[in-house]
Visitor: 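Handing you a structure now.
Below, chain A is the first sequence line, B the second, and so on; all start at residue 1. Scope of the values below: all heavy atoms of this structure, side chains included, with no hydrogens, waters or symmetry mates.
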There are 2 protein chains.
Amino acid sequence: MTIQKPLPTKRPTRAGNLADGVYQALRRAIIEQALAPGTKLPEDSVGESFGVSRTVVRSVLGRLTVEGLVSQQPNKRATVASPSISEGRGVFQVRRGLERTVIETLAGRLTSAQTETLRAHVTAEERAQGRDGPESIRLAGEFHTLLADMTGNELLIRYVAEVTSRCSLILALYGRPHSSECAVNEHQMIIDALVRGDEATAVSIMDEQLMAVATRGLLDLKPVRERDLKDLLSDYRAAAK
Amino acid sequence: MTIQKPLPTKRPTRAGNLADGVYQALRRAIIEQALAPGTKLPEDSVGESFGVSRTVVRSVLGRLTVEGLVSQQPNKRATVASPSISEGRGVFQVRRGLERTVIETLAGRLTSAQTETLRAHVTAEERAQGRDGPESIRLAGEFHTLLADMTGNELLIRYVAEVTSRCSLILALYGRPHSSECAVNEHQMIIDALVRGDEATAVSIMDEQLMAVATRGLLDLKPVRERDLKDLLSDYRAAAK
DNA sequence: CGTCATTAAACAGTATACACTATTGTAAAT
DNA sequence: ATTTACAATAGTGTATACTGTTTAATGACG
């Protein structure tokens, strides 16, 4: 039998779910670039910094890995994911398909309350437009998850949230400083089309916009930035082996 | 300090990754209905039956929960998911969108080797058509994941695999005994359209087929079957509380 | 008999211990 | 000086221990 010591400064596990909190925090940290892609995430250190044990961190890292924000390989430290450009393109392509489904589901079926919510959001976007980059970016992203939420389709919501967060990462890596002034106006047009049930128009605006972001706006630019050096080297090494 | 006992019959952890094995096994068991929807999955029992500890089981259940094959709520036992009809519809809708993206990606871009593989698969489907339900169903499903694989889009592959497996669950719950004799022919037509780059036709056949499965073929039928009884009861009990 | 309270058994959440693997630093040998 | 061997370190994989919560069983009381 094992002899136990009194556990001095240990609170007896009050909360039901530490993992969720850590998950949210870590996720935000990654999306908002507080943790740059490639950053090492040893379970111990992360655990210490959140005041939880490896068990919790481990489950969180697992979730984030599934979502593509963290990459893990066996017996190696987890790192903040740093997707390649082609992965990035792939994510954007899937996103286009998903958002089209969102639009199709919503066209002509928005309640007035929902319309109101959307218009209010666009107003907020307009207000934040001139100044404050991060805020503006966040709002632009939220427009899409907001739409997805309104479908009430649980899976669709999850997938859109996932691709949206991955796109944030990708844009941070490969996007040019800032090129989203066009968004607000188009968001307005999407809402209008949605309200009058003009599915085709809504889809085409949305698709166009995402397409633009994925190609002209961002990915085709210069992909090499400081933090990618390591990735590039590893690619070359693999090819040379 | 804690006093440790010698750990008598403990093997020193040979393998690097038990979780993957258990994951595969459990996943198959669920998809193939060896574990019916609603089956309780206590961490201890599952662990014992696979000869691993709760730690491993826990991570596996987490993964499966994300994929929608298992459902978990805090402090309750995990169960094999038993999606509602409306969830089912939602999954099918997302699936339609994803598969459309697959078709669009592939149209006019199939290599001859890929075409060969697809035709061979359809041949296998034809052979299995008359007899052996399970085999036939499995092949019909694999046609879709095979297509997805050919896109080379990692995320798309994962999503299609996920919705496909969820659809298996849903069909098992709400589908009529067997109504997939139409599939083979249409698969052939999709390949043809894909090869000659006729995106519109390929999309419409695929979409039509999935739509048919999701509405006429399956979901609108009688949703209540024996194994749902327990679920229904639990719903009522919860509502009555 | 049925209903509610009380207790016992399962079970999940979390932390920690130990085995194993990868990485890194360092010194010997060429 | 460069490479190889090996030890020390850091980190993951997994099992187990313990605490708190849910659920089932038991019994008291109406």
Visitor: Return the value, rounded to whole Å, for the distance between atom NZ of B:K76 and atom P of D:dT21.
Guide: 15 Å

Visitor: Could you tell me the separation between the CZ atom of B:R54 and the P atom of C:dC11, rounded to a whole number of Å?
Guide: 10 Å

Visitor: Would a 4.5 Å heavy-atom cut-off, applied to side chains only, mark A:R158 and A:L155 as touching?
Guide: yes

Visitor: Can you work out whether A:R77 or B:L61 has the more 5'-proximal nearest nucleotide on DNA chain C?
Guide: B:L61

Visitor: Please tell me which of the listed nucleotides, D:dA15, C:dA15, D:dT12, lies nearest to the side chain of B:V52?
Guide: D:dA15

Visitor: For residues A:L147 and A:M206, determine if any side-chain heavy atom of one lies less than 4.5 Å from a side-chain heavy atom of the other.
Guide: yes

Visitor: Measure from CG on B:N75 to C1' on D:dT21 and round the result to the nearest Å.
Guide: 5 Å

Visitor: Please determine if a side-chain N or O atom of A:T55 lies less than 4.0 Å away from the OP1 or OP2 oxygen of C:dT14.
Guide: no

Visitor: Could you check how far CD of B:E43 sits from P of D:dT16, rounded to whole Å?
Guide: 15 Å

Visitor: Check the distance between C:dC11's P and B:E48's CD and give it to me in whole angstrom.
Guide: 10 Å

Visitor: Could you state the atom-to-atom distance from CG of A:N17 to C1' of D:dT21 in whole Å?
Guide: 13 Å

Visitor: Any side-chain to backbone donor/acceptor pair from B:H144 onto B:E99? Under 3.5 Å, distance only.
Guide: no

Visitor: Step by step, work out the side chain to side chain contact (heavy atoms under 4.5 Å, CB included) result for B:V163 and B:F92.
Guide: CA-CA 8 Å; B:V163 294; B:F92 265 101; over 6 Å; no

Visitor: In this structure, how many angstroms lie between the C1' atom of C:dC20 and the CG atom of B:L18, rounded?
Guide: 12 Å

Visitor: Nearest whole Å is fine: how far is C:dA17 P from A:D44 CG?
Guide: 12 Å

